[in-house]
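Just below is one structure, and these are the notes that go with it.
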2 protein chains.
Amino acid sequence: MNRAGAIKPESDQILDRPMGDNDGIDFEIIELLFFAYRDFISDPDAILDTSGFGRAHHRVVHFVNREPGLTVAALLDTLKITKQSLARVLKQLIDSGYIAQVAGPEDRRQRRLFPTDRGRELALALARPQSRRIANALEGMDENGRTAVTTFLSGMINPGAHRPEEDHSEINEGRDQ
Amino acid sequence: MNRAGAIKPESDQILDRPMGDNDGIDFEIIELLFFAYRDFISDPDAILDTSGFGRAHHRVVHFVNREPGLTVAALLDTLKITKQSLARVLKQLIDSGYIAQVAGPEDRRQRRLFPTDRGRELALALARPQSRRIANALEGMDENGRTAVTTFLSGMINPGAHRPEEDHSEINEGRDQ
DNA sequence: CAAATATGTCAGCTATGTTGACATAATTTG
DNA sequence: CAAATTATGTCAACATAGCTGACATATTTG
């Protein structure tokens with residue numbers, strides 16, 4: 001390779017027409033989702049930089065605050081990560097007093113997770129700018145429009161997905177290793 | 001600490017009421033966005049696992065296909081990552097024949113990026129399931145509803161953001177290091 | 001009691017981002 | 001033209017957040 005990379009095309013088939021418009025693919029919404037999510041997540045990122053936490057902590061703090069007393073297994077299922085991956089961030093959050101563990105009242109093997117005051121405050125601080133951004137994007141939209149937005153977003157989610165306040169009944173399947 | 005972590009609450013202030021409903025924060029859409037994006041990105045992830053590529057490659061292949069001939073600087077600006085971070089994945093994509101570089105016709109310092117046939121095919125293969133998911137989520141929605149969705153997503157994006165086919169004129173500001 | 005379950009933990013690996021420093025070629029400017 | 005700036009590449013070191021595999025401990029269940 002030359003010093004600054006290949007200069008000439010390697011006589012490969014090079015395409016210079018933009019992708020899109022031709023095929024029946026919705027590139028517009030694909031990209032809107034990419035940019036929307038990127039900016040949506042950047043709000044809390046800025047706050048997290050201050051606290052020394054990252055996105056992983058954000059998610060944990062969020063869901064523990066949304067469903068206090070949820071088990072580690074339920075949290076893993078929501079986040080779709082492994083317990084080893086969760087362990088690091090959870091330990092940090094517990095050690096710094098944002099989340100507390102309590103042995104399950106029925107099943108004492110469980111560690112039920114609760115937010116502390118601090119944890120609640122952090123979760124709210126992180127949610128606030130995101131909610132503001134959402135309110136701004138919904139501004140001037142009528143009820144039909146808002147319904148369309150939530151219908152669309154719900155329709156993007158996998159049917160069997162485990163979301164809070166849903167199917168708590170089924171037996172565990174996978175991802176726990 | 002005990003072998004399996006703290007068992008009893010450290011007499012900290014523990015909260016057992018779910019967050020939400022109380023404050024004026026839109027937790028519903030916050031979570032819908034999280035789950036929607038998580039599942040939206042999982043479709044191409046499965047394909048990428050096969051090719052040995054990751055999400056970073058996906059983004060590069062996507063934008064190069066959407067705007068063939070874009071410069072490295074423009075790509076960095078779109079992705080909002082550093083050139084060192086881009087370098088790794090871009091090199092892999094070039095070495096394996098998905099993307100080709102051509103010296104800029106006007107400014108020969110530039111390396112304009114083009115997809116090869118292979119690169120075009122990969123980008124289409126990755127976009128197809130995402131587009132299918134979107135079509136599914138929009139199904140049965142009238143024109144007003146669809147407009148509401150794109151209006152909402154556009155409204156979530158930072159105003160000054162650099163998106164393809166937009167402001168090519170301004171001078172560089174930051175992120176290049 | 002034995003097996004299964006919920007959780008924790010150690011060790012090592014990968015992907016993708018970061019900063020800092022420096023190099024080269026080409027363009028622009030004084 | 002020489003100097004400065006620009007576009008890009010590259011080396012090195014590091015951080016975060018995932019992953020797999022293996023094993024330990026406490027508790028519940030059959």
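Per chain, numbering begins at 1; letters A, B, ... match sequence-line order.
A:K83 has its NZ atom 17 Å from the P atom of D:dG18, to the nearest Å. The separation between B:L90 atom CG and D:dA7 atom P is 17 Å, rounded to whole Å. To the nearest angstrom, P of D:dT29 lies 6 Å from CZ of A:R109. Look at CG on A:L76: it is 11 Å from P on C:dA6, rounded to the nearest Å. A straight line from CG of A:L86 to P of D:dT20 spans 15 Å, rounded to a whole angstrom. B:D45 places its CG atom 13 Å from the P atom of D:dG18, with the value rounded to the nearest Å. Note: CG (A:L48) to C1' (C:dT18) measures 16 Å, nearest angstrom. One can place NZ of A:K80 at 12 Å from P of D:dC19, the figure rounded to the nearest angstrom.
Among the nucleotides D:dG18, D:dT20, C:dA26, the one closest to any side-chain atom of A:Q84 is D:dT20. For B:R108, the listed nucleotide lying nearest its side chain is C:dA26; candidates were D:dT8, C:dA26, C:dT7. Ranking D:dG18, C:dG8, C:dA26 by closeness to the B:D107 side chain, first place goes to C:dA26.
Considering only side-chain N and O atoms, B:Q101 lies under 4.0 angstrom from the phosphate OP1 or OP2 of D:dG9. Applying the 4.0 Å criterion to OP1 and OP2 of D:dT8, one finds that B:R111 has every side-chain N and O outside that range. Regarding contacts with the backbone of C:dT18, a side-chain N or O of B:T82 is found under 4.0 angstrom from either OP1 or OP2.
Between the side chain of B:T71 and the backbone N or O of B:R112 there is no donor-acceptor pair closer than 3.5 Å.
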Go through the steps for B:L15 and A:F114 under the test side chain to side chain contact (heavy atoms under 4.5 Å, CB included), then give the verdict.
-> CA-CA 6 Å; B:L15 306 177; A:F114 293 87; over 6 Å; no
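Under the 30°/60° scheme for interplanar angles, the aromatic rings of B:F35 and A:F63 are found to be tilted. Using bins of under 30°, 30° to 60° and over 60° for the plane-to-plane angle, the ring pair A:H62/B:F27 lands in the tilted bin.
Within the 4.0 angstrom heavy-atom criterion, no nucleotide atom of any strand lies near A:Q92.
Looking at A:N65 and B:R17, their side chains never bring a donor and an acceptor atom within 3.5 Å of each other.
Between A:R88 and B:R112, the residue anchored closer to the 5' end of DNA chain D is B:R112, taking for each the nucleotide with the nearest heavy atom. Take the nearest nucleotide of DNA chain D for B:A87 and for A:E106: the residue whose nucleotide is more 5' is B:A87.
In the interface, the side chain of A:K91 is not paired with the base of C:dG8 through any donor and acceptor atom under 3.5 Å apart.
Using a 4.5 Å cut-off on side-chain heavy atoms (C-beta onward), B:R120 and B:P68 make contact. Residues A:R55 and A:D45 meet the side-chain proximity criterion, which asks for heavy atoms closer than 4.5 Å.
Atoms CG and CD, on B:D26 and B:E28 in that order, are 6.5 Å from each other to the nearest 0.5 Å.
Only B:G54, B:R55, B:A56, B:H57, B:R59, listed by number, bring a heavy atom of residues 49-60 of chain B to less than 4.0 angstrom from any atom of DNA chain C.
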